[in-house]
2 protein chains.
Amino acid sequence: MRPNKRDELVRKALTVFYRNGFHATGMDMLVAETGVSKTSMYKHFRTKEELILAVLRLRDENFRHWLYRRIEELSDTPEGQLLAMFDALSEWFEKPEFRGCMFIKASAEFQEVNHPIHAQSAAHKQILQDHFASIAKAAGAAEPVKLARQLLLLKEGAIVSAVMARGGGLAGDPAADAKEAARGLLTLHLPQG
Amino acid sequence: MRPNKRDELVRKALTVFYRNGFHATGMDMLVAETGVSKTSMYKHFRTKEELILAVLRLRDENFRHWLYRRIEELSDTPEGQLLAMFDALSEWFEKPEFRGCMFIKASAEFQEVNHPIHAQSAAHKQILQDHFASIAKAAGAAEPVKLARQLLLLKEGAIVSAVMARGGGLAGDPAADAKEAARGLLTLHLPQG
DNA sequence: TGGAAAGTTAACAGATCGGTACACCTAAGC
DNA sequence: GCTTAGGTGTACCGATCTGTTAACTTTCCA
């Protein structure tokens with residue numbers, strides 16, 4: 001039961017769950033895709049739920065670190081970084097494997113408020129919101145937390161709209177629209193206008 | 001096979017799917033909740049997918065007509081109606097049975113772009129966007145379609161955030177935050193400032 | 001070299017999945 | 001009154017669901 005074996009299982013399970021959904025993905029499919037035996041799988045994870053929670057923890061790390069790094073690469077001012085988030089999102093939306101936000105989907109499939117999967121999804125959003133708030137504060141926003149919440153609304157809306165627009169079912173460029181809206185909000189929130 | 005019997009089945013199935021999710025709800029559960037026999041259920045709907053599509057059609061009608069009526073009740077100016085949308089959303093979020101947007105959840109559970117359920121969910125959003133655009137045009141917006149898309153982003157973001165915030169997992173009042181952001185966007189888009 | 005730890009295959013459990021076969025019942029038309 | 005068509009309940013289909021049991025092989029380290 002090497003720990004890196006477990007990590008590898010989590011990594012592969014992530015791609016299958018992301019592509020296929022949680023309820024629609026059976027343990028048999030995961031076993032087939034990872035090449036591991038069913039018994040070994042259940043040695044590493046006592047239940048499917050435990051596996052999903054491990055997948056979400058990994059996704060939280062991966063996604064946040066990718067986003068944080070990317071917006072720092074794209075701009076070195078706090079204000080610019082808040083806008084660069086939408087450029088990073090745009091890059092994500094254009095990847096062929098893009099299938100929306102894993103946490104939105106997880107909270108949609110596990111709706112009970114007290115369910116660990118639902119709670120963990122909400123925690124991810126809260127961490128992002130806090131991060132945006134700290135950047136907004138550095139940018140000199142009068143109400144950094146409020147600005148962060150509004151930017152998070154635009155981000156979530158852009159992700160959902162990008163999913164709908166993926167096959168041409170919804171018109172518009174969600175990332176670009178969100179960025180323009182964010183620019184408007186920034187001019188209203190930042191002292192230098 | 002009376003037609004109103006079918007409507008009643010769709011109505012009841014809607015509440016069960018909305019509360020429980022699509023994959024997680026089996027036909028056996030629907031049969032038990034509606035009181036009808038399984039054979040009758042399959043006389044009315046050839047497959048589960050056909051039932052889900054009928055449910056989404058009903059949801060589209062119900063939701064859009066509720067939202068359109070409510071924002072007209074709350075304001076009689078186009079600009080006021082665009083803002084009133086977020087008051088209507090706030091009322092929705094506070095209902096105990098609120099479980100997020102059925103179309104976001106449907107598109108999350110049926111991700112293939114060409115899947116009828118996914119396509120129908122995207123179509124719902126497109127219809128809403130067109131409606132907002134016509135109101136934005138009546139309000140005198142310079143770019144009504146762009147404003148409509150941005151307001152839709154805020155609406156979708158608010159819904160997703162409201163789901164996450166339901167159990168206290170995410171701080172903030174998504175409807176109020178979205179309304180304030182929308183007010184900001186309106187001042188930037190409308191000629192009278 | 002011995003032995004525990006970890007991994008393997010394979011079969012299986014009990015429940016539930018979407019969907020169907022078939023006998024039964026009831027109500028309308030002759 | 002009899003037939004017939006349509007709705008109904010029951011019981012079932014094969015497949016799949018999450019999870020387990022038991023016996024066997026590999027690996028690694030003392």
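Because the structure is a prediction, the values reported are computed rather than measured.
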Report the distance from atom [atom1] of [X] to atom [atom2] of [N], rounded to the nearest whole Å.
X: M27(B); N: dG18(C); atom1: CE; atom2: C1'; value: 8 Å
X: L51(A); N: dC17(D); atom1: CG; atom2: C1'; value: 15 Å
X: D28(A); N: dA13(C); atom1: CG; atom2: C1'; value: 14 Å
X: F45(A); N: dT20(D); atom1: CZ; atom2: C1'; value: 18 Å
X: K38(B); N: dA23(C); atom1: NZ; atom2: C1'; value: 18 Å
X: H44(A); N: dG7(C); atom1: NE2; atom2: C1'; value: 8 Å
X: H23(A); N: dC17(C); atom1: NE2; atom2: P; value: 11 Å
X: M41(B); N: dA21(C); atom1: CE; atom2: P; value: 19 Å

- prompt: Are F98(B) and L67(B) joined in one hydrophobic group, where the rule is that I, L, V, M, F, W and Y side chains link up if heavy atoms are under 4.5 Å apart?
  reply: yes
- prompt: With respect to the phosphate group of dG7(C), does any side-chain polar atom (N or O) of S40(A) fall under 4.0 Å of OP1 or OP2?
  reply: no
message: With a 4.5 Å cut-off on side-chain heavy atoms, are S37(B) and M41(B) touching?
response: no
- prompt: Parallel, tilted or perpendicular for H131(A) and Y68(A), by the 30°/60° rule?
  reply: parallel
message: Applying a 4.0 Å non-hydrogen cut-off, can you work out what T47(A) is touching in the nucleic acid: base, sugar-phosphate, or nothing?
response: sugar-phosphate
field: Heavy-atom closest contact (K125(B) atom, L152(B) atom, distance)
entry: O-CD2, 4.1 Å
